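Given the structure is predicted, the values throughout are model-derived calculations rather than measurements. Letters A, B, ... mirror the listed sequences (proteins, then strands); counts begin at 1.
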Protein chains: 2
Amino acid sequence: MSAGHTAVTTSGTTTDEPVIVCETPQDECGVRDVLDRLGDKWSVYVVVELASGVLRFKELQRRIHGGISQRMLTLTVRRLERDGLVKRTVYPTVPPQVEYELTDLGHSLTHLVKSLADWSIAHRPDIAAAREAYDGKAAQEEPAAAG
Amino acid sequence: MSAGHTAVTTSGTTTDEPVIVCETPQDECGVRDVLDRLGDKWSVYVVVELASGVLRFKELQRRIHGGISQRMLTLTVRRLERDGLVKRTVYPTVPPQVEYELTDLGHSLTHLVKSLADWSIAHRPDIAAAREAYDGKAAQEEPAAAG
DNA sequence: CAGAATCCTAACCGATACTG
DNA sequence: CAGTATCGGTTAGGATTCTG
């Protein structure tokens, strides 16, 4: 897609946040691209684990928090490979040995994931508080319908 | 994503809230938090649209390209509200008017989304190339099954 | 206009069994 | 060890209908 869109700087945003100008119909400035990659349950974890070095399939599976199924690891890692984020090396030994590692592209994503994690960690209390407040208020609202 | 593991703290304190037990030294801890929020199809778009200012329900819906359904917009916006990322203001008029805007927390996420978009835009060609290469190679590998 | 409720499909994902 | 193939449960998400 040629990103030939006009920048409609709507109005003066009072804060210093980046004004996201987006009027591409199908792919909101490409956010969908990366979200599709990060959106599934496991991709990020694979990237994170691979960030520290080369790993074999089984080892990768073991290290992923929460226990990814073999099937999902295969799918995830294949998708990542297809997108050029992960490099897969097969050694024709017996038993077979396959190593996974991040490509440069994959490594560049690591920073982003780190930011994501940082934000998440930093604001987790806020989110938790917001949820509690919301749920509490919602519970008040609810008629509770006793008996 | 599901509310999957109902956090079994080591002390045996079984709480209701999804406490993320994470003893991994890596920064993966907490990534799920934000990914759960951004992982669904629409949250990011809502945040993006709201980044530029206050919007009403219908207007928000119209601006999200690709056409979000009314149902999904409601769900998305509610979740965002619950997490303290979006503020919802109801004006008791006729017809009803509801305005959505980012909270400070939501605005802080905007930076991240921006980074996401930037990365995506910057590396889209790489990803596209990688895919083409991968698919091409995969096609070669395929037996082609001549009849 | 805003949204709640219902129905239904597709995709995601895990468990299992089989292959090389 | 490193997959592939298949089945079934769960969920995401769209379309439609109804209410205030």
*With sequence neighbours left out, write down each residue that passes side-chain contact (heavy atoms from CB on, under 4.5 Å) with B:Val77, or none if nothing qualifies.*
B:Val46, B:Leu60, B:Tyr100

How long is the line joining [atom1] of [X] and [atom2] of [N], in whole Å?
| X | N | atom1 | atom2 | value |
| --- | --- | --- | --- | --- |
| B:Met72 | C:dA10 | CE | P | 17 Å |
| A:Ile64 | C:dC13 | CD1 | P | 13 Å |
| B:Gln97 | C:dG3 | CD | P | 11 Å |
| B:Trp42 | D:dG14 | CH2 | C1' | 10 Å |
| A:Leu55 | D:dC1 | CG | P | 14 Å |
| B:Tyr45 | D:dG13 | OH | P | 12 Å |
| B:Ile68 | D:dG13 | CD1 | P | 9 Å |
| A:Gln61 | C:dG14 | CD | C1' | 12 Å |

*asked:* Once salt bridge (Lys or Arg N to Asp or Glu O under 4.0 Å) is applied, what residue pairs with a partner in residues 67-81 of chain A remain, sequence neighbours excluded?
replied: A:Asp40-A:Arg79

*Considering the options A:Leu102, A:Val86, A:Leu75, which one meets the side-chain contact (heavy atoms from CB on, under 4.5 Å) requirement together with A:Leu80?*
A:Val86

*Quantify the bending of the helix from C:dC1-D:dG20 to C:dG20-D:dC1 as the angle between its end axes, each fitted on five pairs, to 10°.*
30°

Would you list the protein and nucleotides 3-9 of chain D atom pairs, both N or O, that sit under 3.5 Å from each other?
{"residue": "D:dG3", "atom": "OP1", "partner": "A:Arg78", "partner atom": "NH2", "Å": "3.4"}
{"residue": "D:dG3", "atom": "OP1", "partner": "A:Arg88", "partner atom": "NE", "Å": "3.3"}
{"residue": "D:dG3", "atom": "OP1", "partner": "A:Arg88", "partner atom": "NH2", "Å": "2.6"}
{"residue": "D:dG3", "atom": "OP2", "partner": "A:Tyr100", "partner atom": "OH", "Å": "2.4"}
{"residue": "D:dG3", "atom": "O3'", "partner": "A:Arg78", "partner atom": "NH2", "Å": "3.3"}
{"residue": "D:dT4", "atom": "OP1", "partner": "A:Arg78", "partner atom": "NH2", "Å": "3.2"}
{"residue": "D:dT4", "atom": "O4", "partner": "A:Gln70", "partner atom": "OE1", "Å": "3.2"}
{"residue": "D:dT4", "atom": "O4", "partner": "A:Gln70", "partner atom": "NE2", "Å": "3.2"}

Indicate yes or no for a side-chain donor-acceptor contact from [X] to the backbone of [Y] under 3.5 Å, with no hydrogens or angles considered.
| X | Y | result |
| --- | --- | --- |
| A:Gln61 | A:Ile68 | yes |
| B:Ser120 | B:Leu116 | no |
| A:Thr103 | A:Leu85 | yes |

*In Å, rounded to the nearest 0.5 Å, how long is the span from CG of A:Leu109 to CG of A:Leu50?*
12.0 Å

*Does A:Arg62 have any salt bridge (charged side-chain N to carboxylate O under 4.0 Å, His left out) partners at least two apart in sequence or in another chain, and if so, which?*
A:Glu59

*With sequence neighbours excluded, tell me which residues meet salt bridge (charged side-chain N to carboxylate O under 4.0 Å, His left out) with A:Arg56.*
none

_5' priority, DNA chain C, between A:Pro95 and A:Leu75 [closest heavy atom]_ = A:Leu75

*Look at A:Arg56 and D:dA2 and indicate whether a side-chain polar atom (N or O) is within less than 4.0 Å of OP1 or OP2.*
yes

*Distance below 4.0 Å between B:Lys58 side-chain N/O and C:dA2 OP1 or OP2*: no

